[in-house]
Amino acid sequence: MRARPAGRWLWWAGTVLLVLAVHSNSHLASAAWLFPVFLLRYARLRPARHGLLRVGYALGLAQLVWLLSTGMVFVPSVLAVFAVLAVVQTLPFAADRLVAARSGSLGATLVFPVVLVCGEYLFTQLAGFGDYGVLGFTQHGFLPLVQLASVTGVYGVSFVVAWTASVAHRSWQRGFRWREIRRGTVVWAGVSALVLGAGGVRLVCFAPTTETVRVAGISAGRAAERAGERALHAAGQELWRPRNLVRADPRRVSAALAPVADDLVAATDREARAGARIVVWPETQAGVLADGQQRLLGRVAEIARKRQVYVNTAFALYTPQPPYVRNVAALVTPAGKVAWTYDKAHPTPMEPMTPGKGVVPVIGSPYGRLATAICYDADFPGLMRQAAGQGTALIMVPANDWAGFESLHAQRAVFRSVEYGYAMVRQSVHGVATAVDHQGRTRGMADYFTADRQTLVAEVPVQPRTDTLYSRTGDLFALLCAGGTLLVVALGVRGRRARVGAPGAAGDRP
């Protein structure tokens, strides 16, 4: 009878936990701490080539499950990017198996987290797909740990989770014999206590000011959406074919776009009368032809002057020139002036449009400095750092998500706010809209899928932006991990040469 490969159950346990850990609408934060322990153990027990190949299979399977759950599996460019991500995520397991396994020292437990963070950082910088695949995002609800992001960015949270798994694996490997694992356990416990203690102190002693501003995030109601869809269908047009839209009868197209825009204008006035001082529209729910842009903004300006509110409008602007559509946000001030018109800097692979210049606009207000970015832009830490560099107290993020993806961006917003020390209001139609303060506390939430009319109303703390070390030093921690990875590679090369040069090695044979 053929013997079973050693530790096959470890692979199955690690793979199931990995699928549960991948950041999705239904992920389990605890699974992110556990799955690496099983996969590290499996890779150590199997021959390197076979063990690491199967770990790679597990990581690829998890990415496929994520793509299926979010509906992005049908986008070829996304499939290619996430195939690369699965390979990158295999590298820390390879480093542990090929380098750390030769050393019994406590320092060897750092190999896995160092290479993991390096891979996350390089993928973010080189793939052009934002900071997806970062393990730390799974811990968005663990606020004492999340505060670490104000120093290291989300990468520090990834490091803590991965190091915990590496230390746990080391203890397992030694049979949990206290005399052999005491030193490592005490060091890990001390560092963890320091991180969580500092996070707790930040939450308690540096809480947001009690002075707040009322912010309303609005979306058009379902009835308005359906009316617009019926009118577009009757005109033989579809929003995702902008070239046809701008060449059709402008009166029929404008009439079809009107219900949603009218509903948003009415909601702006309603929330302003109810006491909101800042109103945020969602991304591209409204659409307007180029000839109608000034008319729409004029209607909003009248409300802004009358009610003395700031209105961050957002809409799809259909233009006669290719690619026939722009994704814009335009801020109307209480003076009735348009302070900025900002084009989305990072269109998704599903948005065939010209990117904006990537310059985040910022203006002063009685409620602190205000800024904006649009949806996917917030997945690019470098872009969001611009707002912090200009002293932004509140960043407004119009967004548009979809079923299967509705919670992910809302949860990631927690980290952006903590990293850069500003509050964020993310109004997401077809998703979960959230207001988050600079410590990652959720101040308000509204789910499009559970309401006929999605309206987010929140009292957002008003204060000068909380300065953070991360906003000053940037990705220094991730770069240090990249340097550590080079050291790991050097140790691996030296170890291989030593083995080849050892007496009896193949290289010494005549």
Side-chain angles (χ1 to χ4, degrees), residues 71 216-271 279-303 311-330 332 341 343-344 347-348 350-353 374-375 398-406 427-431 433 446-456:
I218 60 171
S219 296
R222 301 290 183 91
E225 284 189 312
R226 288 193 293 267
E229 290 168 0
R230 286 195 299 268
L232 277 173
H233 182 73
Q237 299 299 319
E238 296 168 305
L239 291 176
W240 54 280
R241 296 185 184 275
R243 178 178 179 179
N244 296 342
L245 204 67
V246 299
R247 294 179 176 180
D249 182 348
R251 290 173 300 179
R252 296 191 70 183
V253 172
S254 295
L257 297 175
V260 168
D262 291 347
D263 201 26
L264 287 168
V265 171
T268 299
D269 188 51
R270 181 180 65 250
E271 295 304 324
V279 179
V280 183
W281 289 21
E283 175 193 20
T284 62
Q285 188 184 26
V288 62
L289 296 177
D291 292 344
Q293 180 184 8
Q294 292 307 315
R295 185 164 57 255
L296 175 62
L297 292 176
R299 295 170 64 193
V300 175
E302 183 178 348
I303 297 170
V311 185
N312 197 44
T313 66
F315 45 86
L317 179 62
Y318 296 99
T319 65
Q321 299 81 28
Y324 307 107
V325 64
R326 292 168 55 192
N327 187 339
V328 302
V332 182
T341 300
D343 283 72
K344 187 174 186 177
T348 68
M350 295 82 77
E351 294 178 299
M353 59 184 63
I374 298 177
C375 197
N400 194 337
D401 292 311
W402 60 89
F405 209 90
E406 62 268 25
Q427 178 58 22
S428 173
V429 71
H430 309 123
D447 188 342
Y448 171 87
F449 296 104
T450 60
D452 180 65
R453 181 183 296 278
Q454 181 195 39
T455 303
L456 166 69

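Hydrogens, waters and symmetry mates are skipped; everything else that's a heavy atom, side chains included, is used.
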For Asp269, salt bridge (Lys or Arg N to Asp or Glu O under 4.0 Å) partners two or more places apart: Arg273, Arg307
Results of salt bridge (Lys or Arg N to Asp or Glu O under 4.0 Å) for Glu238 - residues two or more places apart only: Arg241
Under the side chain to side chain contact (heavy atoms under 4.5 Å, CB included) test, residues paired with Ala267 that sit two or more places apart: Ile218, Arg270
Partners passing side-chain hydrogen bond (donor to acceptor under 3.5 Å, both in side chains) against Thr348 (at least two apart in sequence or in another chain): Glu351
Residues forming a ring-ring contact (aromatic ring centres under 6.0 Å, His included) with Tyr448, sequence neighbours excluded: His430
Thr341 side, atom OG1; Leu297 side, atom CG - distance, nearest 0.5 Å: 7.0 Å
Straight-line distance of Leu245 CG to Leu232 CG, nearest 0.5 Å: 6.5 Å
With sequence neighbours excluded, residues passing side chain to side chain contact (heavy atoms under 4.5 Å, CB included) with Val300: Val265, Trp281, Val311, Thr313, Val332
side-chain hydrogen bond (donor to acceptor under 3.5 Å, both in side chains) partners of residues 253-267, not counting sequence neighbours, each pair once: Asp262-Arg299, Asp263-Arg453
For Glu283, salt bridge (Lys or Arg N to Asp or Glu O under 4.0 Å) partners two or more places apart: Lys344
Sub-4.5 Å side-chain heavy-atom contact between Leu456 and Ser428: no
Trp402 to Phe449 - nearest heavy-atom pair and separation: C-CZ, 4.1 Å
Spatial distance of atom CZ (Phe315) from atom CG (Leu264) [nearest 0.5 Å]: 11.5 Å
Pairs touching residues 222-231 that satisfy salt bridge (Lys or Arg N to Asp or Glu O under 4.0 Å), sequence neighbours left out: none
Shortest non-hydrogen contact from Gly431 toward Asp401: CA-CB, 4.1 Å
Which residues share a side chain to side chain contact (heavy atoms under 4.5 Å, CB included) with Ala235, sequence neighbours left out: Gln237, Arg252
Contact check, side chains of Tyr324 and Arg247, non-hydrogen atoms, under 4.5 Å: yes
Review item, side-chain donor-acceptor pairs of residues 286-295, under 3.5 Å, at least two apart:
none

Partners passing side chain to side chain contact (heavy atoms under 4.5 Å, CB included) against Ser219 (at least two apart in sequence or in another chain): Pro282, Gln285, Gln427, Val429, Gln454
Asn327/Thr284 under side chain to side chain donor-acceptor pair (under 3.5 Å): CA gap, chis, key distance, verdict: CA-CA 7 Å; Asn327 187 339; Thr284 62; 5.0 Å; no
